[in-house]
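Here is the structure we will look at.
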Amino acid sequence: MELRQLLGVGPGITALIGSGGKTTAMYRLAGELQQLGTVICTTTTHIFPPEHLPVLEDPSGNDIAAALAVNPCVCVGRPGAEGKLGPGTLSPAALAELADYVLVEADGSRGRPCKAHLDYEPVIPAGTRRTVLVVGAAGFGQPIQEAVHRVERFCALAGSSPDEWVTMALLARVIRGEALGDVVLVNQVETAEALACARELAAQLEQPVVAGSLHGGEWLCVS
């Protein structure tokens, strides 16, 4: 079964939030979805421009329509600092009028595998039909202060201290407390131990949980 099916991604806007593989997940989904229709990848925060897709810098609707007539998948954004793309003039809702699928990276994590969110995060756009919360298994069993973005917020939600390690019980407490994702994608699951941890996490959550390795191209539903 393809990742899009396991995550329940359909037409319209899908937001990817969390940490540990949002960008990779977005482009993996784009690769699957462009076999079914037209796809726009974009962001409400900032991303590096992809090398494998046409990049449209703050285009008009006509520009996007012309590009999608040639290539079923494009990336849209406005050039920003450090060579990154930020949100374009057209909102994700407007982009959804131009393409069958709109994939939005709607969060930042500074490269950490786990994350908690401040009040203004994530930036989930209006009209989003599916929100995928990505979690990196590379943070499992690691010190919170090293593996987590927004350490203070994570500890406040988990009832822990920064010198504790990331356990499935603490992580589940944070995810339940934030209640942000419709489905959880545990990425970086490349060992039997990591898979066991993903199953342990899934047992403590109400959302469906999919676990696997985006780089390896293997995943399964664990709840």
So which pairs with a foot in residues 113-162 pass ring-ring contact (aromatic ring centres under 6.0 Å, His included), sequence neighbours left out?
none
Just by modelled atom types, is the Pro79 backbone N or O under 3.5 Å from a matching donor or acceptor in the Glu57 side chain?
no
CD1 on Ile175 to CE on Met168, rounded to 0.5 Å
9.0 Å
All side chain to side chain donor-acceptor pair (under 3.5 Å) counterparts of Thr23, not counting sequence neighbours
Glu105
Tell me, do Gln207 and Val183 make a side-chain contact under 4.5 Å, heavy atoms counted?
no
What residue pairs, at least two apart or across chains, pass ring-ring contact (aromatic ring centres under 6.0 Å, His included) with a residue in residues 71-107?
none
Here the ring-ring contact (aromatic ring centres under 6.0 Å, His included) pairs for residues 8-32, sequence neighbours left out, are Tyr27-His52
Leu85 and Cys75, any side-chain heavy atoms less than 4.5 Å apart
yes
Residues which pass salt bridge (Lys or Arg N to Asp or Glu O under 4.0 Å) with Arg150, listed by chain and number, not counting sequence neighbours
Glu121
Give the intermediate values and the outcome of side chain to side chain contact (heavy atoms under 4.5 Å, CB included) for residues Ile40 and Leu68.
CA-CA 9 Å; Ile40 295 174; Leu68 288 173; 4.3 Å; yes
With Pro59 via side-chain contact (heavy atoms from CB on, under 4.5 Å) - residues at least two apart
Leu56, Asp63, Ile64, Val76
Pair up each side-chain donor or acceptor in residues 130-137 with any protein partner under 3.5 Å, not counting sequence neighbours, and list the distances.
residue: Arg130; atom: NE; partner: Leu7; partner atom: O; Å: 2.8
residue: Arg130; atom: NH2; partner: Leu7; partner atom: O; Å: 3.2

CD/Gln34 to CG/Leu29 distance, rounded to the nearest 0.5 angstrom?
11.5 Å
Within a strict 4.5 Å, meaning less than it, do heavy atoms of the Cys73 and Cys41 side chains meet?
yes
Would you say Leu180 ends up clustered with Val209 if hydrophobic residues are merged whenever their side chains have heavy atoms under 4.5 Å apart, either directly or through other cluster members?
yes
To the nearest 0.5 Å, how far apart are NZ in Lys115 and CZ in Arg110?
9.0 Å
Please enumerate all residues that pass salt bridge (Lys or Arg N to Asp or Glu O under 4.0 Å) together with Glu2, with sequence neighbours excluded.
Arg4
Report yes or no: do Val9 and Leu3 belong to one cluster of Ile/Leu/Val/Met/Phe/Trp/Tyr joined by side chain heavy-atom distances under 4.5 Å?
yes
When rounded to the nearest 0.5 angstrom, what distance separates OG1 in Thr38 from CG in Asn71?
10.5 Å
Which is it for Thr89 and Arg78 under the side chain to side chain donor-acceptor pair (under 3.5 Å) test, yes or no, and what are the steps along the way?
CA-CA 8 Å; Thr89 300; Arg78 177 183 293 175; 2.7 Å; yes
Are Asp107 and Lys22 close enough for a salt bridge, meaning some N to O gap below 4.0 Å?
no
Residue pair Gly21 / Asn187: nearest heavy atoms and the distance that separates them
CA-ND2, 3.8 Å
Please check this pair: side chain of Ser19 against backbone of Pro113, looking for a donor-acceptor N/O pair closer than 3.5 Å.
yes
Heavy atoms only: give me the nearest Lys84-Phe48 pair and the separation to one decimal.
CE-CZ, 3.4 Å
Please answer: with hydrophobic residues joined when any side-chain heavy atoms are less than 4.5 Å apart, are Leu16 and Val74 in the same cluster?
no
Please collect all salt bridge (Lys or Arg N to Asp or Glu O under 4.0 Å) contacts where either partner lies in residues 155-182, sequence neighbours excluded, each pair once.
none
So how far is it from Leu90 CG to Leu98 CG, rounded to the nearest 0.5 Å?
7.0 Å
Show every donor-acceptor pair shorter than 3.5 Å between a side-chain atom in residues 192-206 and any protein atom, with sequence neighbours excluded, or say none if there are none.
residue: Gln204; atom: NE2; partner: Glu200; partner atom: O; Å: 3.3

Could you check if a side-chain atom of Ser160 sits within less than 4.5 angstrom of a side-chain atom of Ile144, using non-hydrogen atoms only?
yes
Looking only at heavy atoms, what is the nearest atom pair of Leu170 and Ala158, with distance?
CD2-O, 3.6 Å
Treat each ILVMFWY residue as a node, draw an edge where side-chain heavy atoms are under 4.5 Å apart, and state whether Ile17 and Leu185 are in one component.
no
Has Thr128 got a side-chain atom pairing as donor or acceptor with Pro125's backbone, closer than 3.5 angstrom?
yes
Which residue pairs pass the ring-ring contact (aromatic ring centres under 6.0 Å, His included) test with at least one member in residues 162-209, sequence neighbours excluded?
none
Can you tell if the side chain of Ile13 reaches within under 4.5 Å of the side chain of Arg129, non-hydrogen atoms only?
no
Count I, L, V, M, F, W, Y as connected when their side-chain heavy atoms are under 4.5 Å apart, and connections chain through other members. Are Val102 and Val55 then in the same cluster?
no
Shortest non-hydrogen contact from Ala147 toward Arg112:
O-CB, 3.5 Å
Scanning both residues in full, the closest heavy-atom pair of Pro49 with Gly83 reads CD-O, 3.1 Å
Show me the donor-acceptor pairs, under 3.5 Å and distance only, between side chains in residues 210-221 and residues at least two apart or in other chains.
residue: Ser213; atom: OG; partner: Glu190; partner atom: OE2; Å: 3.3
residue: Ser213; atom: OG; partner: Gly216; partner atom: N; Å: 2.9

